[in-house]
J.: 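Before we start, here is the structure in question, set down as structure tokens.
In what follows, chains carry the letters A, B, and so on, assigned in the order in which the sequence lines appear, proteins first and then strands, with residues in each chain numbered from 1. Computed from heavy atoms alone, side chains included, the values below leave out hydrogens, waters and symmetry copies.
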Amino acid sequence: MPVAGDVAGRGDVEASGVRDDVVAWFDAHARDLPWRAADRTPWGVLVSEVMLQQTPVVRVEPAWRAWLDRWPTPADLAAAPTGDVLRAWDRLGYPRRALRLQECARAVVERHGGVLPDDEDALLALPGVGPYTAAAVRAFAFGRRSVVLDTNVRRVLARVAAGEALPAPALTVAETARAAAWVPDDDASAARWAAASMELGALVCTARSPRCDACPVADRCRWLAAGRPADAHAHRRRAQAWAGTDRQARGRVMALLREALAPVPHAAVAAVWPDVAQLARCLDALVVDGLVVREDAAGDAPDPDAATYRLPH
DNA sequence: AAGTCGGGGAC
DNA sequence: GTCCCAGACTT
């Protein structure tokens with residue numbers, strides 16, 4: 001039976017009871033992640049959130065420790081050589097995130113005196129910080145109320161509240177409203193709900209093989225009650241290609257340049273990718289992105305084959 | 001609203 | 001091989 005005031009799509013489940021049980025489960029089962037430690041800093045939390053954008057926790061954890069040990073504050077990262085930043089990013093993927101994180105550090109220094117703001121609009125204005133990351137930093141770094149809606153929370157609510165296997169491919173206004181309706185009113189409870197619902201999605205209510213037998217709210221889950229029906233949006237999901245894509249080519253180039261001790265001649269770059277035209281296109285794009293610097297050989301008519309490539313300084 | 005952007009581990 | 005991962009940004 002819906003509770004009074006259930007006007008924003010919480011569904012038939014009783015939200016506060018579910019929230020309480022998810023939070024209690026979190027208190028007993030939360031992972032001991034370094035960006036949750038008592039000595040964490042707001043900047044450290046932001047770094048973790050950017051690294052976790054599309055990269056799994058197990059790969060982020062060691063990188064985060066090394067990163068914060070080397071550049072503990074926004075001012076430290078702002079002053080670092082960009083090439084060092086890209087090398088430290090290593091194989092976390094999507095290296096443009098590393099560029100944006102350094103731009104973010106520089107913006108924090110210039111706009112906010114080196115102190116990360118807790119205002120949502122100020123956070124959103126920072127490079128690399130979108131709706132999810134701004135909300136997450138507000139909740140996890142500052143303990144403030146925000147609507148933290150990542151892939152885990154989306155999936156948990158899709159199942160518990162809507163009875164669907166997975167959320168729609170694209171976030172809708174209605175889904176955001178539903179998530180907002182689930183967030184408790186006060187700061188501390190809202191922050192705890194955000195962390196707990198994300199953790200439940202990461203550890204129990206997983207995309208592939210959910211462990212409903214270990215779920216603290218299995219008895220109130222609409223999806224489980226319906227017999228775990230298949231994903232209704234499956235026909236709209238398209239597998240991301242990989243082999244032979246520009247992304248793979250870019251990754252090969254970046255891996256080569258990260259390891260290089262000196263500018264790499266064009267012929268050596270060409271050795272890592274067989275498609276000449278595709279490689280040329282990707283190199284141009286990497287230069288435009290600011291991930292790679294091309295230096296033409298001295299002379300009147302620059303010869304593409306005589307150019308060298310390196311990471312930015 | 002749809003495309004683009006890495007990389008690796010689980011299945 | 002396919003799918004998924006604490007998304008953001010561009011067009």
J.: Rounded to the Å, how far apart are A:W242 CH2 and B:dT4 C1'?
T.: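 Between C1' of B:dT4 and CH2 of A:W242: 12 Å.
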
J.: With nearest nucleotide decided by heavy atoms, which residue, A:R91 or A:A170, maps closer to the 5′ end of DNA chain B?
T.: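 Its nearest nucleotide being more 5', the pick is A:A170.
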
J.: Base contacts versus sugar-phosphate-only contacts with protein, heavy atoms under 4.0 Å: please encode nucleotides 3-11 of chain C as B, S and - from 5' to 3'.
T.: BSBBBSS--

J.: Pick the C1' atom in B:dC11 and in C:dA6, then give their distance to the nearest Å.
T.: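 Between the two C1' atoms, the distance is 22 Å.
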
J.: Partners of A:V293 by side chain to side chain contact (heavy atoms under 4.5 Å, CB included), sequence neighbours excluded?
T.: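 Side chain to side chain contact (heavy atoms under 4.5 Å, CB included) list for A:V293, sorted by chain: A:E295, A:R310, A:P312.
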
J.: Hey, does A:R247 reach any base, or is it just sugar-phosphate, or nothing, if we go heavy atoms under 4.0 Å?
T.: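 Base: the residue A:R247, judged by heavy atoms under 4.0 Å, touches a nucleobase.
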
J.: When you match A:L92 and A:S209 each to their closest nucleotide on DNA chain B, which lands nearer the 5' end?
T.: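 Result of the comparison: A:L92.
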
J.: Scan residues 151-170 of chain A for pairs that pass salt bridge (Lys or Arg N to Asp or Glu O under 4.0 Å), counting only residues two or more places apart or in two chains.
T.: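 The answer is A:R154-A:E175.
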
J.: Which Ile, Leu, Val, Met, Phe, Trp or Tyr residues join A:W242 in one cluster when any pair of side-chain heavy atoms under 4.5 Å counts as a link?
T.: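 Hydrophobic cluster check, A:W242: no partners found.
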
J.: Hey, can you pull the residues of residues 253-287 of chain A with a non-hydrogen atom under 4.0 angstrom from DNA chain B?
T.: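 Correct list: A:R258.
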
J.: Atom CZ of A:R250 to atom P of B:dG3: distance rounded to whole Å?
T.: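 The answer, rounded to whole Å, is 18 Å.
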
J.: Taking only residues at least two apart or on different chains, which pairs with a member in residues 23-36 of chain A satisfy salt bridge (Lys or Arg N to Asp or Glu O under 4.0 Å)?
T.: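 Qualifying pairs, neighbours excluded: A:D27-A:R192, A:R31-A:E199, A:R36-A:E199.
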
J.: Only counting residues at least two apart or in another chain, list the ones meeting salt bridge (charged side-chain N to carboxylate O under 4.0 Å, His left out) with A:D275.
T.: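 Salt bridge (charged side-chain N to carboxylate O under 4.0 Å, His left out) list for A:D275, sorted by chain: empty.
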
J.: Going by the rule side chain to side chain contact (heavy atoms under 4.5 Å, CB included), which residues pair with A:D289 if we only count those two or more places apart in sequence or in a different chain?
T.: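 By the side chain to side chain contact (heavy atoms under 4.5 Å, CB included) rule, A:D289 matches A:R96, A:R250, A:L291.
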
J.: Identify, with sequence neighbours excluded, every residue that meets side chain to side chain donor-acceptor pair (under 3.5 Å) alongside A:R228.
T.: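 Counting only residues at least two positions away or on another chain, A:R228 forms no side chain to side chain donor-acceptor pair (under 3.5 Å).
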
J.: So, A:S48 versus A:R40: side-chain donor-acceptor pair below 3.5 Å or not?
T.: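 Their side chains do not contain a donor-acceptor pair, so the 3.5 Å distance test is not met.
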
J.: In whole Å, what separates the P atom of B:dG8 from that of C:dA8?
T.: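 Roughly 23 Å separates the two P atoms.
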
